[in-house]
There are 2 protein chains.
Amino acid sequence: MAFVNQNPILQSLIAEQLVSDPSSARGRLLNEAARLFRDKGYERTTVRDLAAAVGIQSGSLFHHFRTKEEILKAVMVETIRLNTALMQAAADQADSAREKLRALIRAELESINGQTGEAMAVLVYEWRSLSESSQAEVLELRDIYENLWLSTLQQLSKEHQLGADPFITRRMLTGALSWTVTWYRPERGGLTLDGLTDQVMAMLGLAQC
Amino acid sequence: MAFVNQNPILQSLIAEQLVSDPSSARGRLLNEAARLFRDKGYERTTVRDLAAAVGIQSGSLFHHFRTKEEILKAVMVETIRLNTALMQAAADQADSAREKLRALIRAELESINGQTGEAMAVLVYEWRSLSESSQAEVLELRDIYENLWLSTLQQLSKEHQLGADPFITRRMLTGALSWTVTWYRPERGGLTLDGLTDQVMAMLGLAQC
DNA sequence: GTCTATACACGGATAGAC
DNA sequence: GTCTATCCGTGTATAGAC
């Protein structure tokens, strides 16, 4: 993903070949695919659309990917890998459980509404279009990601700072945060990403007093 | 929707021809369509699937609806009409703003996870498949529904019982509640609908003390 | 690694008989 | 109001030249 190219976390993932270099043919295709899948949906996006987006003919696509579904799966897998690393880094910088949670919320809001947002939306809305065997693979990666959240929420719960159950709170947050993509428009209107994060914390009764 | 057939609110809506009688040919088709659209997605559901679900041939479908999209739109329109009426009734029975909010949350959770849940999921996940002109029509109906929520949340905010902004809180709740359809399974496991409602209230810092 | 050309199946929608 | 038959466009994927 070209925009966050300077990010050292992305750089190390590329070096380990866990995500594609965004300047490579494969990387550029996956970025365009994420955008198209989010805008039109996976089913309504044709292989001709995908090829045109990177300036090749549809037949040439199948030199890089065996099937259209393989492209969807690659978008999802690489997105989770990148976001797990970003999340881990964000949480590591915070001290208290409360600050860890705030860092996670802010990082997830940034993933959803920032430059990886297209791919994050695909992860949520195009799940059904993935074959069952691919779903199982992606789910495994998701577990690592979710454990980051759960351990932080469980710590807060121990400290009696959380109103509801940690598991349920995480599920509520998953829905609430991913839904922001349908309405949050940072460019027009005053609410910044930090302001939105504050609102989420306030909703949970964890506002800075 | 045959299951809630005895519901007097549904009966009056049918009498006013605002929703189809679930025992009519049209009503049965819309129920099956909601189920198929949720399970497979709108695009992956063929007119042959729809016809087979009600035991007719695909050509015969077009005697009832001019296009496939018209079926999707009808599912959405009738679902909003029914749920607005159910919501209004739930809110009217409560006295305090806090109890009104609880009634709205419980009613929406019931819509999402109960017998109209298939249609509610379609409303969230198949939005993009609706043509723009149809989207505008459905959006108008949604406004009425949303105003029910906003007036209650604004009242709570006046009473200083709400941590975050009312508009933002509603949007967070929209995401959080609709997401329950992906994980909440009342049949297996102890959490009842009332228990889940309590958890949501607790998350908002509005637990019964 | 990309091109052109095309196979081949499937999906939405229509026509006209009953 | 449902049937059968069918049109026709579109979509995924392949073949083989360059």
Side-chain angles (χ1 to χ4, degrees), chain A residues 17 20-76 122 125-135, chain B residues 17 20-76 122 125-135:
Chain A
Q17 303 206 9
S20 310
D21 187 331
S23 59
S24 70
R26 181 186 161 98
R28 273 183 297 121
L29 177 74
L30 291 182
N31 276 315
E32 292 300 321
R35 190 178 55 79
L36 285 164
F37 291 164
R38 187 201 55 176
D39 290 348
K40 314 175 55 167
Y42 173 78
E43 303 291 344
R44 295 173 86 99
T45 303
T46 68
V47 291
R48 290 177 178 87
D49 292 334
L50 291 166
V54 290
I56 57 174
Q57 298 299 311
S58 68
S60 310
L61 261 192
F62 294 89
H63 179 77
H64 302 280
F65 295 90
R66 273 200 312 261
T67 63
K68 183 186 164 191
E69 197 222 329
E70 204 174 85
I71 299 175
L72 177 62
K73 184 178 147 191
V75 167
M76 293 187 173
V122 170
Y125 288 103
E126 303 300 337
W127 187 249
R128 277 177 318 194
S129 298
L130 214 58
S131 71
E132 276 194 43
S133 63
S134 298
Q135 281 189 11
Chain B
Q17 304 206 4
S20 310
D21 187 332
S23 59
S24 70
R26 182 188 161 96
R28 273 184 296 119
L29 176 72
L30 291 182
N31 275 316
E32 292 299 323
R35 190 179 54 79
L36 285 165
F37 289 165
R38 188 202 52 175
D39 290 348
K40 314 176 53 166
Y42 173 78
E43 304 290 344
R44 294 173 88 98
T45 303
T46 69
V47 292
R48 289 174 176 89
D49 292 333
L50 291 166
V54 291
I56 58 175
Q57 296 300 310
S58 68
S60 310
L61 260 192
F62 295 89
H63 180 76
H64 302 280
F65 296 89
R66 274 200 311 261
T67 63
K68 182 186 165 192
E69 198 223 330
E70 206 175 83
I71 299 175
L72 176 62
K73 185 178 146 189
V75 168
M76 292 190 175
V122 171
Y125 289 102
E126 301 301 336
W127 186 249
R128 275 177 318 194
S129 298
L130 214 58
S131 70
E132 276 194 43
S133 62
S134 299
Q135 282 189 11

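Below, read A as the first sequence line, B as the second, and so on, with proteins coming before strands; counting in each chain starts at 1. It should be emphasised that the depicted structure is a prediction, and the values quoted were computed from it without experimental measurement.
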Could you state the [atom1]-[atom2] distance from [X] to [N], rounded to the nearest angstrom?
| X | N | atom1 | atom2 | result |
| --- | --- | --- | --- | --- |
| B:L50 | C:dA13 | CG | C1' | 14 Å |
| A:E43 | D:dT10 | CD | P | 18 Å |
| A:I71 | D:dT12 | CD1 | C1' | 11 Å |
| B:K68 | C:dA13 | NZ | P | 8 Å |
| B:L36 | C:dG12 | CG | P | 12 Å |
| B:H64 | D:dC3 | NE2 | C1' | 12 Å |
| B:F65 | D:dG1 | CZ | C1' | 14 Å |
| A:R26 | C:dG1 | CZ | C1' | 16 Å |

Problem set entry | Residue A:F62, side-chain atoms from C-beta onward, closest of C:dA13, D:dT2, D:dT14 | D:dT14
For this session: Check every atom of C:dG12, D:dA13, D:dT2 against the side chain of B:T46 and return the nucleotide holding the closest atom.
Result: C:dG12
Exercise. In terms of the nearest nucleotide of DNA chain D, which residue is placed more toward the 5' end: A:R44 or B:G55?
Worked result: B:G55
Under-4.0 Å side-chain N/O to phosphate OP1/OP2 contact, [X] with [N]:
| X | N | value |
| --- | --- | --- |
| B:Q57 | D:dT2 | no |
| A:S60 | C:dG1 | no |
| B:H63 | C:dT14 | no |

Problem set entry | A:F65 side chain reached by A:V47 side chain, heavy atoms, under 4.5 Å | no
Exercise. Would you say B:E32's side chain and B:L50's backbone share a donor-acceptor pair under 3.5 angstrom?
Worked result: no
Problem set entry | Backbone of B:S131 reached by a side-chain donor or acceptor of B:E69 within 3.5 Å | yes
For this session: Go through the N and O atoms of the side chain of A:R48 and the base of D:dT12, and report whether any donor-acceptor pair is under 3.5 Å.
Result: yes
For this session: Apply the salt bridge (charged side-chain N to carboxylate O under 4.0 Å, His left out) test between B:E43 and each candidate in A:R128, A:R44, A:K40; give the one that qualifies.
Result: A:R44
Exercise. Is it true that B:K73 and B:E70 have a side-chain N and a carboxylate O under 4.0 angstrom from each other?
Worked result: no
